[in-house]
Amino acid sequence: LRERVEKRLLKIVESEHNPRTTPNSSQKKITDYYSSWMNTKRLNELGLDPLTEDIKRIKSIDSRKDLAGEFVRQYLVAGASPFYASVSINPLNPDEYQLQLGLSGLGLPDRDYYLEDTERFRNIRAKYATYVADVIELVGIEFPDRNAREVLELERQIAIVQWPRADRRDRDKTLNPTSYYDLKTDHPGFDWDNFFKETGVFSLNTLNVNQPDTLKPLIELVNNQSLETWKNYLIFHLVMKNSSLLSEKLDGMNFEFRKVLTGAERAVASVEERNTKSWVEIWFGEFARKTLRRTSFSAEFKRENDRFGE
């Protein structure tokens, strides 16, 4: 069903690609976006240029304080890090928001991919190490194979610390409100002030810590691993997670590795076709849904749909 909807969405996008559309209309916006997104020639010319400033900033990290600030900044540039901060509804009081301190930072889907000793997972880890090496070599980092192995080992250490998936989904276990003072007192050795400052939080009284017993070993990992390994880790994830916005080569490399995870034998769509459908759905979802409804469903279905909507 999803594939059928995506094919219809792509057909709508292409049929709406009309230069005579009304300026400033939703149709014109989606047309312009589609034209820009399909300009793979320009993306290929740019290569890694869109990430130059971010990569330069990461390479300049020379202290654990800078590293703490970069961890949280990565979620503003679609990267990754072992800690993240986000805002959600307080489960104990739905009338207020609550800052969440969570843990993440893995490039593979789950911790089992790093810890299970089976042929399937060993093969995935080997392919992942090759992918990491290929990416950081493109960035210009020396000794890519060695550095890729170190990045993979770093992620394995993060995976060991993290909770199993079932526990991470348990609302009671992940509900651990605490004061900011207690967080800093109980978990020294990490620059929490700089971390939250880079989030844009300058005054904090309370927060929720999703996996509290993982903080101490993660802080030890932050301090014991070399800055060089952390920088390579951050650069790799920055490139990988933004690959769909970059050149065909980078996006293709990522897609080929994802096929290893899914077991797909071949791509089901071209890179630009797949990405266009995804991003049009994200940024122009309402317009796309209205157009899909207008063109793909019978009058009787639409009448029934409107009736239930009332």
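When a residue number appears, it is its place in the shown sequence, counting from 1. All heavy atoms count here, side chains included; hydrogens, waters and symmetry mates do not.
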Quiz item: Is the distance between the ring centroids of Phe196 and Phe202 under 6.0 Å?
Solution: no
Self-check item: side-chain contact (heavy atoms from CB on, under 4.5 Å) partner of Leu250, chosen from Leu43, Asn242, Leu48
Solution: Leu48
Quiz item: Do Asp213 and Trp163 have a side chain donor and acceptor closer than 3.5 Å?
Solution: yes
Practice problem: Check each of Leu152, Leu238, Ile136, Ile158 against Tyr233 using the side-chain contact (heavy atoms from CB on, under 4.5 Å) test, and report the only one that passes. | Solution: Ile158
Exercise. Under the side chain to side chain donor-acceptor pair (under 3.5 Å) rule, what do Asp182 and Thr185 come out as? Steps first, then yes or no, please.
Key: CA-CA 5 Å; Asp182 286 341; Thr185 302; 5.1 Å; no
Exercise. Return the set of residues passing ring-ring contact (aromatic ring centres under 6.0 Å, His included) with Tyr113 (not counting sequence neighbours), or none when no residue passes.
Key: Phe121
Self-check item: Val161 vs Gln211 side-chain heavy atoms within contact, under 4.5 Å
Solution: no
Quiz prompt | Atom CD of Glu119: over 12 foreign heavy atoms under 6.0 Å | solution = no
Quiz item: Taking all atoms of both residues into account, what is the closest heavy-atom pair of Asp145 and Ala133, and its distance?
Solution: OD1-CB, 3.6 Å
Practice problem: State plainly whether the residues Asp66 and Arg57 are in salt-bridge range, i.e. N to O under 4.0 Å. | Solution: no
Practice problem: Evaluate the side-chain proximity of Ser81 to Tyr75: yes if any heavy-atom separation is below 4.5 Å, no if none is. | Solution: yes
Quiz item: Looking only at side chains, do Tyr181 and Asn205 share a donor and an acceptor under 3.5 Å apart?
Solution: no
Quiz item: Has Glu96 got more than 12 heavy atoms of other residues, nucleotides or ligands less than 6.0 Å from its CD?
Solution: yes
Quiz item: Given side chains that start at C-beta, do those of Leu221 and Leu154 come closer than 4.5 Å, heavy atoms only?
Solution: yes
Quiz item: Sequence neighbours excluded, which residues qualify as side chain to side chain contact (heavy atoms under 4.5 Å, CB included) partners of Ser86?
Solution: Tyr84, Gln100
Quiz item: Is the ring centre of Phe83 less than 6.0 Å from the ring centre of Trp192?
Solution: yes
Quiz item: Using the benzene-type ring in the case of Trp, are the ring centres of Phe195 and Phe71 under 6.0 Å apart?
Solution: no
Self-check item: For Lys59 against Val139, the heavy-atom pair lying closest together
Solution: NZ-O, 4.0 Å
Quiz prompt | Any Arg156 side-chain heavy atom under 4.5 Å of Leu115 side chain | solution = yes
Exercise. Using side-chain contact (heavy atoms from CB on, under 4.5 Å) as the criterion, point out the one residue from Val201, Leu207, Thr199, Leu99 that pairs with Val87.
Key: Leu99
Quiz item: Where do Ser226 and Thr229 come nearest, in terms of heavy atoms and distance?
Solution: OG-OG1, 2.9 Å
Quiz item: Looking at Asp191, Leu227, Asn194, which hits side-chain contact (heavy atoms from CB on, under 4.5 Å) with Arg64?
Solution: Leu227
Quiz item: Do Glu155 and Tyr128 get their side chains close enough for a donor-acceptor pair, meaning under 3.5 Å?
Solution: yes
Quiz item: Would you say Leu246 and Pro50 make side-chain contact, with heavy atoms under 4.5 Å?
Solution: yes
Quiz item: Stepwise, does the side chain to side chain contact (heavy atoms under 4.5 Å, CB included) test hold for Glu70 with Leu234?
Solution: CA-CA 9 Å; Glu70 190 60 42; Leu234 291 170; 3.8 Å; yes
Practice problem: For residues 222-241, pull every pair meeting salt bridge (charged side-chain N to carboxylate O under 4.0 Å, His left out), keeping only residues two or more places apart or in separate chains. | Solution: Glu228-Lys231
Quiz item: At their closest point, which heavy atom of Ala68 faces which heavy atom of Phe190, and how far apart are they?
Solution: CB-CZ, 3.6 Å
Quiz item: For the atom pair CD (Glu248) and OG (Ser243), what is the distance rounded to the nearest 0.5 Å?
Solution: 12.5 Å
Self-check item: Exercise: identify the closest heavy-atom pair between Pro164 and Arg111
Solution: CA-CD, 3.8 Å
Quiz prompt | Distance-minimising heavy-atom pair for Pro212 and Asn176 | solution = CD-ND2, 3.4 Å
Quiz item: Do the side-chain N and O atoms of Asn208 and Gln98 include a donor-acceptor pair separated by under 3.5 angstrom?
Solution: no
Practice problem: Would you mind reporting whether His187 and Ile219 have side-chain heavy atoms less than 4.5 Å apart? | Solution: yes
